[in-house]
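One structure is given here, and the rest of the page talks about it.
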Amino acid sequence: LASFGSTFGTEWIFSMGLLALVPQVCESVLEHGAVKGFKEVFSGAFAATFFYIFQNKNIASAMKEGTKTGVARYFFTGRPPANQHQTWKDIYVMYSKSHYRPAFTLMVAYAIYAALAREGGDDSRLSMLLVIVSALAWVLTPMLFSPLPRWLLIRQDLSDFGAFIVGVAGSSESEVLEVQERGRRGTVRSLYECGLAEELRTWTEASLLPLVLCATLKAIAGVFVAAVLPAEVLDFMAVYLVALSLSWVAVLIYFIAGLNNTMLVLSFLVWPAMLPFANKVIGDRFSNPSFYTRLPELLISLTVFFYSLGVVKEFALIFCRLLHSLAPRDTRCLSQCVRLCFVYFFVHQQQVVEASVILGMDFVFTVSLAAVDKVLCNIHTWFLLNGELARTKKGQRYMEKTTTFFEMDSLALDRDLWRDDEDEDVASTMASASSVRRG
């Protein structure tokens, strides 16, 4: 359509979300006047865009989670005290399932689309700006609304989050019940414990019927995708099956050797190590005419493979849940099944990759914000949050041995008002005295 000069060749004509500004502008103009009303609405449009994209994902995730599990859980809305720093690790624990993992999935989908559209040239590719902004907003909004980014806090968060990703706390068989309890309280100690607690909560507490329906719908969607994909794409699945079998050997040794973290790392390294030997599995098709040309097929097949692996995991856990319901005993046996599937079906390994990507994005974005605050006199803190924190001097803590700047300004204003009233009273008294003398 773009080659014919049609307007419909663009990604969008007019965003309907902009209409939500109309009643807000009208209310602000009626309350504050035209100049101040327009200034307040449009000066906060950038921050409000990211905030409401993030909040709408909160609502969507709560709706999806409630439909899938039948349990209405509390979702943190992302509005902590303005003068309290949230660590990257705490933010990840709160938003890993509701925002970060969907954002990672959206990024992978966009990467596949960009790889496919590259073959058709620029005319056949849309910019997908709203998709990119949504994925970035889901990940970066907590960083954007975090006040006073400082280099010391960045180093501390980078170290703590990195230790959280590679930590092994909660991996022991005897800690399963403790992991589940820590997940309820939100006090998990490692990424392994965070992911396992979520899996245990889903497969041991949620209603079975919604889980069966969701797994069935995923299986139907997977069959449909496999039916419409060309056989050339599905040929790459053989390479992944070989890599998966070798990874399972490493995972088996990981459990037998007393949870040796080295074997868990080897289960990762098997996948890139298989690339040089892919030609031995499917022949020259893997790199013919070139690896770069086959990259879209590689990405699509890898995504389909892990999607299928997740569906198989869900049906395996449904079977374990059915066995447990037929002979209900202690839930430790079901919890151990969930623990094994958590590693064997690469749920933990995928979460490590996702968390590492999130760590890199958080680092780059927070360093950028710290540089902006350093060079431009805390303009990020002043503009996106409030002038109270931005007026805090370097090396000084907000409200340390002092009242708020707002209260200090109010006291100064009150003193000025009283001084003006006293001056007027003195002037009127002197005028009255002079008029009496004249009389």
> Would you call the rings of Tyr95 and Tyr100 parallel, tilted or perpendicular, where under 30° means parallel and over 60° means perpendicular?
Replying inline: perpendicular
>> Using 30° and 60° as the class boundaries, would you call the ring planes of Trp271 and Phe346 parallel, tilted or perpendicular?
In response: perpendicular
>> Please list all pairs meeting ring-ring contact (aromatic ring centres under 6.0 Å, His included) that have one or both residues in residues 157-186, counting only residues at least two apart or in different chains.
In response: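 Listed by first then second residue: Tyr92-Phe161.
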>> For residues 165-213, which residue pairs pass the ring-ring contact (aromatic ring centres under 6.0 Å, His included) check, not counting sequence neighbours?
In response: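 Passing the test, one end in residues 165-213: Tyr192-Phe342, Tyr192-His348.
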Examine distances only and state if a side-chain atom of [X] and a backbone atom of [Y] form a donor-acceptor pair shorter than 3.5 Å.
X: Ser301; Y: Leu298; result: yes
X: Arg339; Y: Val176; result: no
X: His99; Y: Phe54; result: yes
X: Arg182; Y: Val188; result: no
X: Ser190; Y: Glu193; result: yes
X: Gln349; Y: Val343; result: yes
X: Arg189; Y: Val179; result: no
X: Ser267; Y: Leu264; result: yes

Distance, nearest 0.5 Å, that separates [atom1] of [X] from [atom2] of [Y]:
X: Leu136; Y: Met107; atom1: CG; atom2: CE; value: 5.5 Å
X: Ser98; Y: Lys64; atom1: OG; atom2: NZ; value: 10.5 Å
X: Leu334; Y: His324; atom1: CG; atom2: NE2; value: 5.5 Å
X: Lys89; Y: Ser96; atom1: NZ; atom2: OG; value: 13.0 Å
X: Leu302; Y: Met237; atom1: CG; atom2: CE; value: 9.5 Å
X: Asn58; Y: Met63; atom1: CG; atom2: CE; value: 14.5 Å

>> side chain to side chain contact (heavy atoms under 4.5 Å, CB included), that's the test. Do Leu317 and Leu211 meet it? Break it down for me.
In response: CA-CA 10 Å; Leu317 290 176; Leu211 296 176; over 6 Å; no
Side chains of [X] and [Y]: closer than 4.5 Å at any heavy-atom pair?
X: Leu309; Y: Tyr240; result: no
X: Phe305; Y: Leu244; result: yes
X: Leu106; Y: Pro102; result: no
X: Thr141; Y: Ile53; result: no
X: Arg155; Y: Leu152; result: yes
X: Pro142; Y: Gln86; result: no
X: Thr202; Y: Lys97; result: yes
X: Leu340; Y: Phe345; result: no

> Do any pairs count as a side-chain hydrogen bond (donor to acceptor under 3.5 Å, both in side chains) and have a residue in residues 158-169, sequence neighbours left out, and if so which ones?
Replying inline: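 Found none.
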> Which residue pairs pass the side-chain hydrogen bond (donor to acceptor under 3.5 Å, both in side chains) test with at least one member in residues 213-234, sequence neighbours excluded?
Replying inline: Lys218-Glu314
Can you establish whether the number of heavy atoms outside [X] located under 6.0 Å from its atom [atom1] is more than 12?
X: Tyr52; atom1: OH; answer: no
X: Phe365; atom1: CZ; answer: yes
X: Phe319; atom1: CZ; answer: no

Would you name the heavy atoms of [X] and [Y] that are closest together and state the gap between them?
X: Leu299; Y: Ala111; answer: CD1-O, 4.4 Å
X: Ala137; Y: Phe50; answer: CB-CD2, 3.7 Å
X: Cys341; Y: Lys313; answer: CB-CG, 4.0 Å
X: Val108; Y: Thr303; answer: CG1-OG1, 3.7 Å

>> Distance alone, cut at 3.5 Å: any donor-acceptor contact between the side chains of Gln180 and Thr204?
In response: yes
>> I'd like to know whether Leu259 forms a side chain to side chain contact (heavy atoms under 4.5 Å, CB included) with Val168, so could you lay out the CA-CA distance, the side-chain angles of the two residues, the decisive distance to 0.1 Å, and finally the verdict.
In response: CA-CA 9 Å; Leu259 306 177; Val168 296; over 6 Å; no
>> Does Met361 form a side chain to side chain contact (heavy atoms under 4.5 Å, CB included) with Val357? I'd like the steps, not just the answer.
In response: CA-CA 6 Å; Met361 295 178 66; Val357 174; 4.1 Å; yes
>> Please enumerate all residues that pass side chain to side chain donor-acceptor pair (under 3.5 Å) together with Arg294, with sequence neighbours excluded.
In response: Glu297
>> Between Arg101 and Glu198, does any NZ, NE, NH1 or NH2 come within less than 4.0 Å of an OD or OE carboxylate oxygen?
In response: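 Salt bridge: no.
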> With sequence neighbours excluded, what pairs up with Arg185 under the salt bridge (charged side-chain N to carboxylate O under 4.0 Å, His left out) test?
Replying inline: Glu181
> Do Trp88 and Phe363 pass the side chain to side chain contact (heavy atoms under 4.5 Å, CB included) test, and can you show the C-alpha distance, the side-chain angles, and the key distance before you say yes or no?
Replying inline: CA-CA 9 Å; Trp88 299 354; Phe363 175 75; 4.1 Å; yes
